[in-house]
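Labels below follow one simple rule: chain letters A, B, ... track the order of the sequence lines, proteins then strands, and each chain is numbered from 1. Just so it is clear, the model here is predicted, and its values are computed rather than measured.
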Amino acid sequence: MNKSSGPHEENNRAIEELLSNARDLRWTVGDDIHDQLLKNIYEQAADISDKVVRHDGKKRYDWDQKLDRFLTGRWTGLPMMLILLSLVFWITIVGSNYPSAMLSGLLIDSLHPLLKNFFSGFLPAWMSGLLIDGMYLTSAWVVAVMLPPMAIFFPLFTLLEDFGYLPRIAFNLDGLFRKAGAHGKQALTMTMGYGCNAAGVVATRIIDSPRERLIAIITNNFSLCNGRWPTQILIASLFIGAVAPPALSGIVAAGAVIAVALLGIFFTFITSWGLSKTILRGEASAFSLELPPYRPPRFWQTLYTSLIDRTAIVLWRAVIFAMPAGAVIWLISNITVGDLSLAEWFIRALDPLGGLVGLNGVILLAFIVAIPANEIVIPSILMLTVLSLNLHGMGTGAGVLFEPDSLNSYMQLFHQANWTLLTAVNLMLFSLLHNPCSTTIYTIYKETGSWKWTMVSTFLPLALGFIVIFFVTQWARIAF
Amino acid sequence: MNPILLLIDGTLILILLALIFWPEKGIWARIREARVRRQRILLEDTLKQLYDHEYYQKPVSIASLAGALNLSQEKTTRALQSLAQLKLAVFSGGQWHLTAEGRGYALRILRIHRLWERYLADETGVSEAEWHRRAEKREHDLTMDEADRLSETLGYPVYDPHGDPIPNRFGELPPKSGRPLTAAQPGTHTTIVHLEDEPAILFEQLSAEGLYPGMAVTVLENNDERVVIKGEGKKITLAPVVAANITIPVEEAKEAEEAEKEPFLTLADVREGEAAEVIGISPQCRGMQRRRLMDLGILPGSVITRELESMGGDPVAYNVRGALIALRRDQARLIRVKIKKEHHEPQL
């Protein structure tokens, strides 16, 4: 085919020779060629910038430096951090009460019966039950409980970030995290986890070292998220507050919730340390942290991006997962096999395990059906309790989530289900230490791209939870 | 059920699970570890040893091979016979030699081994003492294509972290050069080019002394009892058997480079408000960690001022080219600097 193979061959030979020369030279160039290249690039860049950029001779800092001395000072750093973060939490909790009640009134109290009536008109009962009582109600519940705190917490957090304060927290706490084999920036993702674990997992992108990032992802679930605070507060005020004299009950209940949150921090450090000593030992590790100059936050931009990037995405994922969960809740409560519903069969099957760890089958099943959103743990427990005890006149029907209107009716229900102080304590512990919600699990998979780490993040806290409540239960049964 | 019994049962189960699944030391890990040395692995190791003897021009004997392979002489002989059947080695002139094919095979294994060591050093946090051991296992698992891809992601490295050249895709190596440190006269200024990683016990001593390829040293004393060298301002005394595992170039350096100078200062020694000029980043800082530091502008010639201490005193924030960068003490120790006497404006 090729008539002029002569010159080609010659060319090929020349190329071969050239390549072989290049390979020989590689040995003499050595390995620090990248260093040299980078050094030259920086030198040239500095040359160019010296020619075209003028400095007005003013130092960057004066007030930046003063602020830094104050915010990262030996004695002022920690108190300032606690004050600022407590403020953020307080604004979130207080500020979300009203919009939450409003949303719940709108979506659950008003819209739900309306939709139910409308669809019952032309749909068979089972279908309107599945669609409206199951899928719609559960999603509406999740939105009503989840949206307001997130819409407040995330913008506040982003404002602090934009101002330049968050990197200073990482700077201050790095010493502590270093001892646990983790990165100072984990302080930020951990704090973010108090808003939402899925957002906390996404936030670990700021950690550029793979090992430290995995540690931050796996331990993020130990930060009590917005969906779990209400459970903690409710159970603490019903059971733990009741143990103390009435005058102190509020403080004791609040103390119990804080103790659980602190226990979460304790587990974060212990697990980080354990992971970095065992399965994450060989992973690559590097530390770098830039402290940007302080600047006035861009308020509207921050509000917009935090609502779109964090709140909307997380809420969307939560709703996507809540709808099938709603269907499952309704179906297991309404499909009967023999003379019992599926839910009751499950509860009976789980009761022995529940008894062993000081909970009961209802609670375990509730935690399973509430995997999509921790917000529906308590409503699921209530609904399943009513179902399993055949309590007529309570609740709003099989597979329909509800919440009593007073603390007394909660108590009445729990007493009928034979709950003790131990059950309450275990429920609080298990709510801290169990698998992350499905939104978070999905996010972990998206972020790590690995089933292995997704499974570790899912089952490690669950296993820890069972171990902790098992031992607490046995000790309590021996001691009392 | 009786809670006391449950408590005991639970504790026992936890201990049992820990015994089985504990990473690295558990039964499960040990079973995986202690996989039988299969025939192929044995043959590949023998090939590699033959090549090693050839490269360093050591005479091959069954005893020396058996010692290096940690095998009985009988098994070693059988392995050599198998190699001969596969036409990878021949016995001629009273000695075992590699055939051309055998040499190619050995170089492929060597390429994977050294690339993997380089990978462990650059991209993971695996400690220095474990590189060789892990590469010894890995070299039998990777295919040539995988090795090529690894080489690409590592930026086509030419030397492994011990200073050994990595054979390229065509099985080429630079001609061997260099001599053992024990051959150097007192007063020689030189640079370490290679640290032998076998046997592990001697390498551990070398790495414990902080020696690394690329380190400039001066030989102070060299006799049958001890070899004393000076590098980075420290005096290091080595047993001759240990020093023989250090390779230096054949030709002497013209003048004392860094070896004769004062002990190095590192960024960790810089005091508050002081400015320092970077001389270089220690070769012990590798891979991602090194790239990170250089990306941040920490390069020879950069002027760095120490600015802010965190609550516990570690990390410390430094002004690097106008940006405030926090570094941990362990990192600052790897950056060599000299203190600038007159205070400079921060460099942008």
Side-chain angles (χ1 to χ4, degrees), chain A residues 23-24 26-32 34-35 38-39 42-43 46 49 53 55 57 59-60 65 68-69 72-74 77-78 167 170-176 178 184 208-211 278-279 281-293 355-356 467 470-471 473-478, chain B residues 1 3-4 6-7 10-11 14 22-24 120 123-126 130 155-159 165 168 170 172-174 214 280-281 287-297 299-302 307-315 317 321-328 330-331 345-348:
Chain A
R23 286 203 299 272
D24 287 345
R26 282 277 287 160
W27 303 113
T28 52
V29 171
D31 263 349
D32 60 350
H34 301 280
D35 288 24
L38 207 58
K39 191 185 161 195
Y42 260 98
E43 272 168 7
S49 103
V53 182
H55 303 288
K59 283 189 184 175
R60 85 167 168 102
Q65 220 167 17
D68 261 341
R69 298 234 175 270
T72 66
R74 198 164 289 244
L78 208 58
F171 181 57
N172 262 345
L173 294 185
D174 183 65
L176 215 58
R178 180 170 41 85
D208 49 14
S209 164
R211 193 183 75 93
T278 56
I279 50 177
R281 201 162 52 116
E283 296 283 323
S285 162
F287 177 84
S288 73
L289 174 65
E290 197 190 335
L291 305 177
L356 203 61
I467 291 170
F470 173 80
F471 282 99
T473 304
Q474 310 317 322
W475 275 118
R477 285 183 185 157
I478 293 167
Chain B
M1 273 182 276
I4 296 179
L6 279 175
L7 196 62
T11 314
L14 269 191
W22 198 263
E24 310 257 333
L120 292 175
E123 305 296 331
T124 72
V126 173
E130 271 185 64
Y156 302 106
V158 275
Y159 290 96
N168 63 19
F170 305 94
E172 295 167 343
L173 272 179
I281 303 176
M288 182 165 53
Q289 180 95 267
R290 190 182 188 86
R291 286 197 297 276
R292 254 343 263 171
L293 290 179
M294 294 198 297
D295 289 347
L296 292 169
L299 289 154
S302 306
E307 240 180 55
L308 192 67
E309 225 173 67
S310 67
M311 253 164 29
D314 181 12
R321 293 176 190 262
L324 207 53
I325 309 282
L327 296 176
R328 288 178 176 173
D330 289 342
Q331 289 175 295
E345 281 296 296
Q347 180 186 27
L348 286 173

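Here the straight-line distance linking atom CD of B/Gln331 with atom OG of A/Ser288 works out to 7.5 Å at 0.5 Å rounding. Once rounded to the nearest 0.5 Å, the distance linking CG of B/Leu14 with CD1 of A/Ile467 reads 4.5 Å. The OG1 atom of A/Thr72 lies 9.5 Å from the CD atom of B/Glu309; values are rounded to the nearest 0.5 Å. Here CG of B/Leu327 is found 9.0 Å from CG of A/Leu289. Values are rounded to the nearest 0.5 Å. With values rounded to the nearest 0.5 angstrom, B/Leu296 atom CG is found 7.5 Å from A/Glu290 atom CD.
Contact between B/Arg321 and A/Ala46 at its shortest, heavy atoms only, is NH1-CB, 4.4 Å. When all heavy atoms of B/Met288 and A/Pro210 are compared, the closest pair comes out as CE-CD, 3.5 Å. In this structure, A/Arg23 and B/Phe170 approach most closely via the heavy-atom pair NH1-CE1, 3.1 Å. Listed here is the closest heavy atom pair of A/Gly175 and B/Pro315: N-CD, 4.2 Å.
Residue contact with chain A, scored on non-hydrogen atoms closer than 4.5 Å, involves the side chain of B/Arg290 exclusively. No part of B/Asp330 comes within reach of chain A, as not one of its non-hydrogen atoms sits under 4.5 angstrom from that chain. Only the side chain of A/Phe470 comes within less than 4.5 Å of a heavy atom in chain B; its backbone stays farther off.
At a threshold of 4.5 Å between non-hydrogen side-chain atoms, the residues B/Leu6 and A/Thr473 do not count as touching. Put simply, the side chain of A/Asp208 reaches to within 4.5 Å of the side chain of B/Arg292, judged on heavy atoms. Side chains of B/Ser310 and A/Asn172 form a contact here, defined as non-hydrogen atoms less than 4.5 Å apart. Considering only heavy atoms from C-beta on, B/Leu308 comes within 4.5 Å of A/Arg69 through its side chain. Looking at heavy atoms from C-beta onward, A/Tyr42 lies out of side-chain contact with B/Met294 at the 4.5 angstrom threshold. Proximity of A/Phe471 to B/Thr11: side-chain heavy atoms (C-beta onward) are separated by under 4.5 Å at one or more points.
For B/Asp314, the side-chain contact (heavy atoms from CB on, under 4.5 Å) criterion is met by A/Arg178, B/Arg328, B/Arg329, not counting sequence neighbours.
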